[in-house]
There are 2 protein chains.
Amino acid sequence: MKPTVHDIASEAGVSLATVDRVLNGRPGVRAPTRERVLAAIQKLGFVRDVAAANLAKGRVYPLVFIVPANDNSFMAALRGEIAAAGMRGAQERTAISILTVPAFDIPALVRALDAARAEKPAGVAVVAIDAEPVREAVARLAADGIPVVTLVSDLPDSARSHFAGIDNEAAGRTAGSLMGRFLDGRRGAIGIIVGSLDVRDHRERLDGFRAAISAPYPDLSLLSPLEGRDEPERVHQMVSRLLAEEPELLGLYSLGAGNRGLIRALEERRPARPIRVIAHELTPHTRGALETGLIDTVLNQDAGHEVRSAIRVLKARADGQPVIAAQERIRIDIFLKDNLP
Amino acid sequence: MKPTVHDIASEAGVSLATVDRVLNGRPGVRAPTRERVLAAIQKLGFVRDVAAANLAKGRVYPLVFIVPANDNSFMAALRGEIAAAGMRGAQERTAISILTVPAFDIPALVRALDAARAEKPAGVAVVAIDAEPVREAVARLAADGIPVVTLVSDLPDSARSHFAGIDNEAAGRTAGSLMGRFLDGRRGAIGIIVGSLDVRDHRERLDGFRAAISAPYPDLSLLSPLEGRDEPERVHQMVSRLLAEEPELLGLYSLGAGNRGLIRALEERRPARPIRVIAHELTPHTRGALETGLIDTVLNQDAGHEVRSAIRVLKARADGQPVIAAQERIRIDIFLKDNLP
DNA sequence: AAAAATCTGATTTACGTACCTCAAAAATCC
DNA sequence: GGATTTTTGAGGTACGTAAATCAGATTTTT
């Protein structure tokens with residue numbers, strides 16, 4: 001049968017209290033005694049029963065999630081996943097609160113981070129904006145011993161202890177690699193729609209896409225990226241114009257949000273020339289467009305996975321336990337109409 | 001604070017014992033009283049603390065996994081994942097034992113199922129072979145009240161209560177959809193390598209692939225499938241010959257195992273004509289071939305996910321609890337060299 | 001109306017760990 | 001060698017649920 005702390009105690013010839021002191025790193029155990037206990041743990045293959053341990057300590061992990069009040073489908077889904085995780089909070093002993101801040105608003109984000117700090121939570125997850133004041137606010141949290149993980153959008157060279165999101169450069173390369181294969185052997189242009197080049201994620205995706213296309217496919221030229229600001233209206237206008245004015249257009253890569261506008265523009269185009277379209281984030285809109293064939297491929301980051309990963313990492317950090325990085329890597333999912341989940 | 005059984009008891013004005021009877025479906029509660037308790041549960045939003053419950057019942061779930069002794073990478077990985085789940089058994093209160101049986105050996109599989117039945121486990125997971133004697137053995141398990149889930153390979157119209165694997169027809173369609181886009185506008189032939197057409201999964205993949213190619217891409221002709229029996233040697237021979245003799249060959253779809261042979265044949269081909277290659281299962285071999293560009297795309301089913309899903313389902317079934325089907329659906333992963341995990 | 005069957009309540013123990021207190025033993029210091 | 005500090009032991013309570021027992025209440029059957 002599975003060994004318990006009692007078995008460890010008798011195996012090591014010490015009392016339960018001593019085993020407890022060793023297991024939980026409490027003071028008051030001489031080195032040789034500690035060794036005996038550790039040896040017994042090793043020998044019997046003891047593993048702490050996490051469920052019982054959590055039950056015993058009755059600990060709850062107050063976590064704060066800071067997300068932009070952006071109204072695109074992805075952010076809505078992300079907030080939904082956080083809320084869902086909050087519902088499960090009872091089971092997982094987390095108490096999750098959500099702070100929404102205006103999108104792209106650096107001072108507001110900094111205020112939110114400081115507000116979170118004031119509550120002394122066990123951890124903070126934040127959809128970061130890549131700016132110095134944000135780094136400083138994160139550093140303040142870290143100084144207080146509050147672990148911070150960035151969610152979806154990273155903040156490199158900061159005190160954040162983990163990034164729960166995809167490798168956006170790799171995502172861009174993946175899109176480029178696919179587009180290249182789709183259009184291999186043809187000569188023409190590819191249009192690119194970004195949200196904003198001030199956003200790190202979008203820059204990285206663009207870099208990856210360019211790298212994957214330019215060298216291997218010299219016959220494919222990349223048009224200069226159109227900034228749609230993640231707004232459907234604007235995206236619609238830009239894409240409509242592009243479709244009308246660019247006869248050589250073979251493909252479209254939409255690496256930001258606002259795909260509603262893109263889809264509408266595609267639906268409206270008069271000569272239904274075949275164009276390969278790759279977009280990001282699986283939402284009701286992009287899913288529909290996949291199914292009708294307007295979009296060929298959607299790259300996706302699973303918001304649910306990201307949220308759950310962030311929670312796991314924050315709990316582990318709060319307990320001072322290590323994180324298995326490989327296990328927390330968020331995949332870049334590729335969806336065609338045929339493998340929709 | 002999170003409500004407990006005690007809160008339910010006082011809210012409903014009954015004793016703890018009655019709440020327990022309602023919660024665990026034990027007899028001895030009149031309908032009106034049961035209603036009161038259920039109303040209290042509803043009102044307070046009580047959720048049973050699974051950890052505490054498991055701790056209290058101290059139950060372990062003996063599970064038997066029956067897998068073929070096949071030596072291909074995928075089955076090896078599957079066995080590895082089962083073993084890994086066994087290691088975690090202590091935490092999850094499962095006691096997993098593995099039975100390996102000779103591949104494609106129906107009588108051996110039936111014997112293994114009956115042997116498992118004799119041990120009266122809480123559940124059985126089996127990589128099924130689509131044959132009547134197997135159905136009968138599964139029916140015997142079901143008759144004993146032992147839930148059975150099929151793993152990787154399904155057994156439709158049987159008493160199995162769940163299938164932990166991918167939709168192979170959809171996987172074939174996905175491959176076809178990709179291949180069609182890769183080769184769109186060209187005229188030529190696509191070679192298909194299957195393991196055996198006697199295996200249900202392979203038949204389904206083939207059907208899906210054909211459906212996705214033939215109608216939309218009339219210029220692409222599908223060569224008749226080569227049966228490689230999942231043996232690298234045989235696959236190597238067949239593919240080498242195909243590459244040499246079929247000048248029009250534009251693409252290859254390998255929907256079974258034995259991809260070592262395929263990769264070797266591709267490495268050896270003299271005129272390095274560009275051929276689009278889609279294969280199944282991410283293994284060290286296919287991963288390497290993706291990275292060097294010999295293979296364009298790999299479709300994958302995550303063995304770890306399948307094993308963990310099977311365990312979750314078996315535990316739920318053993319407890320008589322419902323399964324959220326959507327949550328247990330296994331995804332068809334698409335990998336290019338750029339989004340390898 | 002009595003007997004039997006069914007339902008309900010109160011109480012207790014157990015699961016494996018955390019954490020606390022108090023006392024005893026051992027080591028260290030002056 | 002006595003005083004002080006450190007280490008260890010022993011024991012208990014708590015977490016939230018499961019499961020059992022036994023007594024008492026209610027209903028159903030005879």
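Here is how names work: the chains are called A, B, and so on, in the same order as the sequence lines, proteins then strands, and each is numbered from 1.
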Subject >> Over all atoms of both residues, closest heavy-atom pair of Leu109(B) and Ile66(B) >> reply: CD1-CG2, 3.6 Å

Subject >> Distance-minimising heavy-atom pair for Val101(B) and Ala108(B) >> reply: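 Scanning both residues, the minimum pair turns out to be CG1-O, 4.0 Å.
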
**OP:** Can you sort out the partners of Arg317(A) under salt bridge (Lys or Arg N to Asp or Glu O under 4.0 Å), two or more places apart, ordered by chain and number?
**Re:**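 Scan of Arg317(A) (salt bridge (Lys or Arg N to Asp or Glu O under 4.0 Å), adjacent residues dropped) gives none.
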
Subject >> salt bridge (Lys or Arg N to Asp or Glu O under 4.0 Å) involving Arg111(A) - partner list, sequence neighbours excluded >> reply: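 Partners of Arg111(A) by the salt bridge (Lys or Arg N to Asp or Glu O under 4.0 Å) criterion come out as none, since no residue qualifies.
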
**OP:** Kindly indicate whether the side chain of Gln301(B), heavy atoms from C-beta on, has any atom under 4.5 Å from the side chain of Ile332(B).
**Re:** no

Original post:
Does the side chain of Leu141(A) reach to within under 4.5 Å of the side chain of Pro147(A), using non-hydrogen atoms?
Top reply: no

Original post:
Think Thr18(B) has a side-chain N or O under 4.0 angstrom from the OP1 or OP2 of dG9(C)?
Top reply: yes

Atom pairs under 3.5 Å, N or O on each side, protein against nucleotides 13-15 of chain C: can you list them with distances?
from: dC15(C); atom 1: O2; to: Leu55(B); atom 2: O; distance (Å): 3.2
from: dC15(C); atom 1: O2; to: Ala56(B); atom 2: N; distance (Å): 3.1

Under 3.5 Å, sequence neighbours excluded: what are the donor-acceptor pairs made by side chains of residues 30-47 of chain B?
from: Arg36(B); atom 1: NE; to: Ala12(B); atom 2: O; distance (Å): 3.1
from: Arg36(B); atom 1: NH2; to: Ala12(B); atom 2: O; distance (Å): 3.3
from: Lys43(B); atom 1: NZ; to: Glu11(B); atom 2: OE2; distance (Å): 2.9

Between [X] and [Y], does at least one N-O distance fall below 4.0 Å, as a salt bridge requires?
X	Y	result
Arg26(A)	Asp20(A)	yes
Arg135(B)	Asp130(B)	yes
Asp114(B)	Arg140(B)	yes

Original post:
Using purine N1 to pyrimidine N3 plus N6-O4 or O6-N4 for Watson-Crick, or N1-O2 and O6-N3 for G-U wobble, each under 3.5 Å, what pairs with dT13(C)?
Top reply: dA18(D)

Measure the distance from [atom1] on [X] to [atom2] on [N] and round it to the nearest whole Å.
X	N	atom1	atom2	value
Leu23(A)	dA18(C)	CG	P	6 Å
Ile8(B)	dG9(C)	CD1	P	14 Å
Ile41(A)	dT17(C)	CD1	P	10 Å

**OP:** Sugar-phosphate atoms are those with a prime plus P, OP1 and OP2; base atoms are the rest. Using that split, label each nucleotide of nucleotides 21-28 of chain C B, S or - for protein heavy atoms under 4.0 Å, 5' to 3'.
**Re:** ------S-

Original post:
Which of these, Leu99(B), Ile82(B), Thr100(B), sits in a side-chain contact (heavy atoms from CB on, under 4.5 Å) with Phe65(B)?
Top reply: Ile82(B)

Original post:
If each of Asn24(A) and Arg34(B) is mapped to the nucleotide of DNA chain C with the nearest heavy atom, which maps nearer the 5' terminus, i.e. the 5' end?
Top reply: Arg34(B)

**OP:** Heavy atoms of chain A, cut-off under 4.0 Å: which first and last nucleotide of DNA chain D, 5' to 3', fall inside that, if you could look?
**Re:**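 It runs dT7(D) to dG16(D).
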
